[in-house]
Amino acid sequence: MIVNAINRAFETADERKWEKTYWALDIHDTILKPNWKSHQIPTDFYPCSKEALRLLSQREDVVLFLYTCSHPRDTDQYIELFKSYNIHIDYVNENPEIVNDDLGYYDKKPYFNVIIDDKAGFDPIIEWPMILQWLQDFQN
Ligand SMILES: [Mg+2]
């Protein structure tokens, strides 16, 4: 369950005194219901996704970046769409804040603490409401 992963990320951040956690976000079948059109982005959010992402955007210990196969022509539109709901995305398919070191090589797989992606097993119908509830219960 994603809330377990979220819990773990914040606990680890706490233990190791990390100021931030990094969240990789897929879009289709994860935040938005796909519309299968090539020149019109979908705008239909899964229930609770907007609210949860807005709360995450407000947290100073959370950095959100898109992890998506969307065309570059569309990613700006997604970022604008999310911004219109006060959801702030910092990067697309990269996390320049964490650079290569002895322990990790991030040129081809950006560093993240949490991944929200239907292809990683995330169920948007069940799990967005759980994330929202978790955030409301454990707000800083
Ligand atoms: Mg997807």
Side-chain angles (χ1 to χ4, degrees):
M1 281 289 163
I2 192 73
V3 286
N4 295 337
I6 293 170
N7 244 322
R8 229 172 13 246
F10 283 127
E11 276 172 13
T12 307
D14 232 31
E15 282 164 20
R16 304 195 187 168
K17 311 271 178 256
W18 294 338
E19 288 181 7
K20 292 178 181 178
T21 57
Y22 300 92
W23 296 51
L25 305 173
D26 176 50
I27 298 175
H28 305 101
D29 287 308
T30 295
I31 300 172
L32 299 172
K33 298 173 189 173
N35 65 3
W36 311 114
K37 293 179 180 166
S38 64
H39 283 82
Q40 187 190 331
I41 65 161
T43 57
D44 196 5
F45 286 77
Y46 285 100
C48 301
S49 63
K50 245 187 277 178
E51 295 78 5
L53 289 166
R54 191 183 302 134
L55 286 179
L56 286 169
S57 290
Q58 289 167 358
R59 292 181 62 127
E60 291 191 352
D61 58 351
V62 169
V63 174
L64 303 176
F65 67 92
L66 296 179
Y67 198 49
T68 179
C69 303
S70 303
H71 279 280
R73 65 168 184 254
D74 293 335
T75 45
D76 286 349
Q77 294 184 58
Y78 286 118
I79 287 172
E80 284 308 309
L81 172 71
F82 294 146
K83 201 189 281 176
S84 73
Y85 292 107
N86 287 318
I87 297 162
H88 299 291
I89 303 294
D90 284 302
Y91 311 109
V92 178
N93 294 329
E94 63 169 358
N95 176 5
E97 296 187 28
I98 301 295
V99 297
N100 299 336
D101 61 17
D102 275 353
L103 293 175
Y105 178 79
Y106 309 109
D107 284 3
K108 299 208 171 172
K109 182 188 180 192
Y111 178 88
F112 51 76
N113 305 99
V114 177
I115 182 165
I116 301 185
D117 188 335
D118 64 294
K119 299 296 197 306
F122 180 76
D123 183 329
I125 300 289
I126 295 173
E127 294 187 274
W128 280 119
M130 294 171 72
I131 295 176
L132 180 59
Q133 186 67 54
W134 190 94
L135 289 165
Q136 288 168 338
D137 290 348
F138 296 93
Q139 283 271 47
N140 277 1

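The figures here come from the full heavy-atom set of this structure, side chains too, leaving out hydrogens, waters and symmetry mates.
- A continuous path of hydrophobic side-chain contacts links I89 to I131 [ILVMFWY only; heavy atoms under 4.5 Å].
- Looking at heavy atoms from C-beta onward, H39 lies in side-chain contact with R73 at the 4.5 angstrom threshold.
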Show which side-chain atoms of residues 110-122 pair as donor or acceptor with protein atoms under 3.5 Å away, not counting sequence neighbours.
residue, atom, partner, partner atom, Å
Y111, OH, N113, ND2, 2.9
N113, OD1, Y22, N, 2.7
D117, OD1, K119, N, 2.8
D118, OD1, T30, OG1, 3.0

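- Applying the salt bridge (charged side-chain N to carboxylate O under 4.0 Å, His left out) test to every pair with at least one member in residues 89-111, sequence neighbours left out, gives these pairs: K20-E97.
- For the atom pair NZ of K50 and OG of S57, the computed distance is 13.5 Å after rounding to the nearest 0.5 Å.
- One finds the CD atom of E11 at 12.0 Å from the CZ atom of R16 (value rounded to the nearest 0.5 Å).
- A 4.5 Å side-chain heavy-atom check between N95 and Y106 finds every atom pair outside the cut-off.
- With a 4.5 Å cut-off on side-chain heavy atoms, I79 and V92 count as touching.
- Of the possible polar contacts, one joining the E127 side chain to the D123 backbone as a donor-acceptor pair under 3.5 Å is found.
- Residue pairs meeting the salt bridge (charged side-chain N to carboxylate O under 4.0 Å, His left out) criterion with at least one member in residues 76-88, sequence neighbours excluded, are E80-K83.
- Residue F82 is grouped with residue L64 when hydrophobic side chains (ILVMFWY) are merged at heavy-atom distances under 4.5 angstrom, including chains of intermediate members.
- Closest non-hydrogen pair, H28 versus D26, comes out as O-OD2, 2.9 Å.
- The CD atom of E51 sits 8.5 Å away from atom CD1 of I87, with the distance rounded to the nearest 0.5 Å.
- Connection of I41 to L53 is established within a shared hydrophobic cluster, with ILVMFWY side chains joined at heavy-atom distances below 4.5 Å, either directly or through further cluster members.
- To the nearest 0.5 angstrom, Q58 atom CD is 10.0 Å from L135 atom CG.
- Side chain of S70 to main chain of T75: no donor-acceptor pair is present (N/O by atom type, distance under 3.5 Å, no hydrogens or angles).
- In terms of hydrophobic clustering, with Ile, Leu, Val, Met, Phe, Trp and Tyr side chains grouped at heavy-atom distances under 4.5 Å, V99 and V63 are assigned to different clusters.
- Side-chain atoms of W134 and I2, non-hydrogen and from C-beta on, never get closer than 4.5 Å to each other.
- By the rule that hydrophobic residues join a cluster once side-chain heavy atoms approach within less than 4.5 Å of another member, W18 and W23 end up as members of separate clusters.
- Checked by atom type and distance alone, the side chain of N93 pairs as donor or acceptor with a backbone atom of T68 at under 3.5 Å.
- Here the straight-line distance linking atom CG of N35 with atom CG of D44 works out to 9.5 Å at 0.5 Å rounding.
- Atom OH in Y67 sits 12.0 Å away from atom CG in L25 (nearest 0.5 Å).
- Taking 4.5 Å as the limit, some side-chain heavy atom of I31 sits within range of a side-chain heavy atom of W128.
- Looking only at side-chain heavy atoms (C-beta outward), F45 and L81 come within less than 4.5 Å of each other.
- Using a 4.5 Å heavy-atom cutoff, the side chains of D74 and I27 are not in contact.
- The minimum heavy-atom distance linking P129 with P47 is given by the pair CD-O, 4.2 Å.
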